[in-house]
Amino acid sequence: MALLSSHASATYLVAGMTCDHCKVAVTTEVARVAGVASVDVDLDTKLVRIAGAGIDPAAVIDAIDEAGYEAVAA
């Protein structure tokens, strides 16, 4: 997968998120990914939106996996 270009954004579906603990866990792990400038987790829609520059989409999915959830690009 190619890196996201400068000032890019991406959205991931994370079906297993149900509570604030889920939100914190996913936000914490994804924020650690190189290039991520912001993370927005919406529990109602189960979507994680990220923004930043030079982000490796596979690294974001790996970070969500590290938090204990499965993600797919939305």
Side-chain angles (χ1 to χ4, degrees):
M1 242 180 218
L3 297 180
L4 296 177
S5 64
S6 63
H7 304 294
S9 63
T11 304
Y12 299 87
L13 177 63
V14 185
M17 297 186 304
T18 59
C19 65
D20 284 337
H21 174 268
C22 302
K23 183 175 183 174
V24 170
V26 169
T27 300
T28 300
E29 291 298 328
V30 173
R32 293 179 181 161
V33 174
V36 171
S38 68
V39 181
D40 177 52
V41 176
D42 185 328
L43 293 175
D44 292 332
T45 61
K46 312 296 187 207
L47 294 175
V48 175
R49 293 177 185 88
I50 63 159
I55 303 167
D56 180 356
V60 174
I61 291 175
D62 288 346
I64 295 170
D65 183 62
E66 184 66 29
Y69 305 92
E70 292 184 29
V72 294

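Between M17 and D42, the closest heavy-atom pair is CE-O, 4.3 Å. Here the closest non-hydrogen pair linking Y12 and A73 is CD2-CA, 3.9 Å. Taking every heavy atom of both residues into account, G16 and C22 meet most closely at O-SG, 4.3 Å. For the pair P57 and I55, the tightest heavy-atom approach, listed with the atom from each and the gap, is CD-O, 3.2 Å. Closest heavy-atom contact between A67 and A25: CB-O, 3.7 Å. Across V33 and A63, no two heavy atoms sit closer than the pair CG2-CB, 3.7 Å.
Hydrophobic clustering of Ile, Leu, Val, Met, Phe, Trp and Tyr side chains at less than 4.5 Å, counting indirect connections, unites L47 with V72.
Tested against K23 for a side-chain contact (heavy atoms from CB on, under 4.5 Å), the candidates V48, L43, D40 yield a single pass: L43.
Annotation: side chain of V41 is not in contact with side chain of V24 (no heavy-atom distance under 4.5 Å).
For the atom pair CG (D65) and CD (E70), the distance works out to 7.5 Å, reported to the nearest 0.5 Å. Rounded to the nearest 0.5 Å, atoms CD1 (I61) and CG (D56) are 9.0 Å apart.
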